[in-house]
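A short write-up of the structure that comes next.
Just so it is clear, the structure is predicted and the values come from calculations on it, not from any experiment. We name chains A, B, ... by the order of the sequence lines, and we start the count at 1 in each one.
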There are 2 protein chains.
Amino acid sequence: MNTPTKSERILNAAEELFARHGYDGVTIRQIATKAKVDVALASYHFGKKEDLFKAVFRRRAEILSASRREVLLASQAQSNGEKQTLEQIIEAFLLPLKLAQESNDPGWRNYMALLSYVMTSPVWNEILMPTAFDIHVKEFIDALEQVLPGAKIEDIHWCYHYVSGALALTLAQTGRIDRLSDGACQSSDFDAAYNRMIPFVAAGFREVCRGD
Amino acid sequence: MNTPTKSERILNAAEELFARHGYDGVTIRQIATKAKVDVALASYHFGKKEDLFKAVFRRRAEILSASRREVLLASQAQSNGEKQTLEQIIEAFLLPLKLAQESNDPGWRNYMALLSYVMTSPVWNEILMPTAFDIHVKEFIDALEQVLPGAKIEDIHWCYHYVSGALALTLAQTGRIDRLSDGACQSSDFDAAYNRMIPFVAAGFREVCRGD
DNA sequence: TTGAATATTCAACATTTGTTGAATATAGTG
DNA sequence: CACTATATTCAACAAATGTTGAATATTCAA
């Protein structure tokens with residue numbers, strides 16, 4: 001386990017702070033302090049603050065996107081010839097996130113919250129999501145089309161939107177479900193969140209997308 | 001139609017800006033400029049910036065909360081004696097938001113995005129949601145318990161969490177569904193979002209909460 | 001019309017902001 | 001070794017930040 005470079009420490013500190021407080025809620029000095037690094041070093045390595053934010057977001061976005069595609073393709077290959085099930089597709093979409101969350105790397109957990117922030121921000125969504133995720137999300141939607149024959153394309157998109165929202169709130173880890181349920185559920189329990197999300201979402205898709 | 005006071009203009013301007021850029025992404029001077037008001041006036045009327053934000057959030061939260069409770073009670077009264085359906089409860093939960101969105105008051109549309117921001121922010125969720133929404137959300141969850149006999153309380157809470165997430169992303173109006181669907185769907189089309197969300201969510205609840 | 005209460009303006013403040021340029025240290029290469 | 005490129009520090013900058021206190025205007029009741 002090699003110790004991270006100063007450059008990596010900056011990314012990690014920025015990741016953690018941006019995830020919790022958003023882009024404008026964090027100063028470069030806070031990042032530098034947490035990374036135990038001189039203030040000027042962030043600008044030297046990453047340029048403007050906006051570029052640092054983009055760098056933080058893209059670092060793991062690429063890993064995540066590749067992992068998702070891999071899982072989706074593996075799932076398609078496994079059921080050779082046979083049609084995939086709706087559940088398999090949704091599972092392939094969620095599994096990489098679950099694995100990331102369960103990994104011991106706390107950076108991934110921070111990144112999940114950052115992803116949620118970008119997904120729900122009107123400003124950053126438009127800037128970052130298209131280039132980072134669109135291509136592979138479209139593959140996912142194509143797969144859904146194939147497993148839901150006759151479904152209207154708008155229905156599929158709206159259902160995907162609901163999945164996306166349920167996922168985003170899960171990633172945000174606001175602790176709200178802990179408070180509302182008096183501790184019966186925990187925001188940090190991704191296993192619980194994912195295991196139920198798959199049947200929930202699959203049932204929703206089938207109901208909305210069946211050709212009445 | 002009486003012209004808004006300066007104090008109201010500040011709230012309206014703050015609402016619009018906070019909704020789009022978040023708490024830290026907005027300066028008091030931006031708010032004052034948009035409200036066509038002196039900078040010092042915001043502090044005079046609302047105190048600290050944080051207090052202004054809370055005032056903006058709470059103004060419509062109370063209206064919304066009251067409206068939701070009213071619709072839920074009316075729905076319970078209508079089906080007198082008979083058990084409510086799951087769909088009726090979900091509809092009661094969503095209807096006030098739909099009405100707010102469809103009203104001509106652009107302030108309500110801004111507020112929807114602000115609500116989404118608070119719901120997904122780890123920081124603000126904890127500060128504002130419990131006092132503003134918890135009581136009536138618990139009523140909603142009680143109603144769900146009654147209509148889903150035998151369901152585990154954790155399952156209900158997780159399903160509510162998914163509804164909450166789907167709703168939050170809808171309210172955010174990021175424009176992402178417009179881009180992903182090449183214009184087949186629109187973020188601003190709350191009618192489309194709402195009409196599909198009810199069957200989607202109801203089917204999800206039934207699947208997850210049935211006692212296997 | 002008084003006087004008091006409230007509303008609004010103006011100017012200023014101490015901090016904090018992101019960023020830069022020059023100076024210095026470190027690492028890598030011939 | 002010397003030389004160069006990269007990395008890091010230090011100090012400083014102009015601009016923007018939230019907030020305040022005193023001064024002025026407006027409202028409103030007596």
Nearest-angstrom distance from the residue atom CD1 of A/Ile31 to P of C/dT19: 11 Å
Candidate list B/Leu115, B/Leu114, B/Asp105, test side-chain contact (heavy atoms from CB on, under 4.5 Å), partner B/Arg60, passing option: B/Asp105
Protein-nucleotide distance (B/Lys49, atom NZ; D/dT20, atom C1'), rounded to Å: 17 Å
Nearest listed nucleotide, side chain of A/Tyr44, among D/dT9, C/dC10, D/dT6: D/dT6
Nearest-Å distance for atom pair CG/C1', residues B/Leu41 and C/dA11: 16 Å
Separation of C/dA25 C1' from A/Lys6 NZ (nearest whole Å): 10 Å
Nearest listed nucleotide, side chain of A/Ala40, among C/dT20, D/dT19, C/dG18: C/dT20
OP1 or OP2 of D/dT8 under 4.0 Å from side-chain N/O of A/His45: yes
Any-strand Watson-Crick or G-U partner of C/dT26, both distances under 3.5 Å: D/dA5
A/Ile28 CD1 to C/dT15 P, straight-line distance once rounded to whole Å: 22 Å
Parallel, tilted or perpendicular: rings of A/Tyr23 and A/Phe53 (30°, 60°): perpendicular
Plane angle bin for A/Phe190 and A/Tyr194 - parallel if under 30°, tilted between 30 and 60°, otherwise perpendicular: tilted
Parallel, tilted or perpendicular: ring planes of A/Phe200 versus B/Phe205, cut at 30 and 60 degrees: perpendicular
Nearest to side-chain heavy atoms of A/Arg29, which nucleotide of C/dT17, D/dG18, D/dT8: C/dT17
For D/dA30, the Watson-Crick or wobble partner whose two distances fall under 3.5 Å: C/dT1
Electrostatic pair B/Arg176-A/Asp134, nearest N-O below 4.0 angstrom: yes
Distance, rounded to the nearest Å, where A/Asp24 contributes CG and C/dT16 contributes P: 18 Å
From D/dT8, C/dT20, D/dT19, nucleotide with atom closest to A/Ser43 side chain: C/dT20
Gap between atoms CZ and P, on A/Phe46 and C/dG18 respectively (whole Å): 16 Å
Side chain of A/Asp38 - closest among D/dC10, C/dA12, C/dT8: D/dC10
Nearest-angstrom distance from the residue atom OH of A/Tyr23 to P of C/dT17: 13 Å
OP1 or OP2 of D/dT20 under 4.0 Å from side-chain N/O of B/Lys48: yes
Nearest-nucleotide 5' precedence on DNA chain D, A/Val37 against B/Gln30: A/Val37
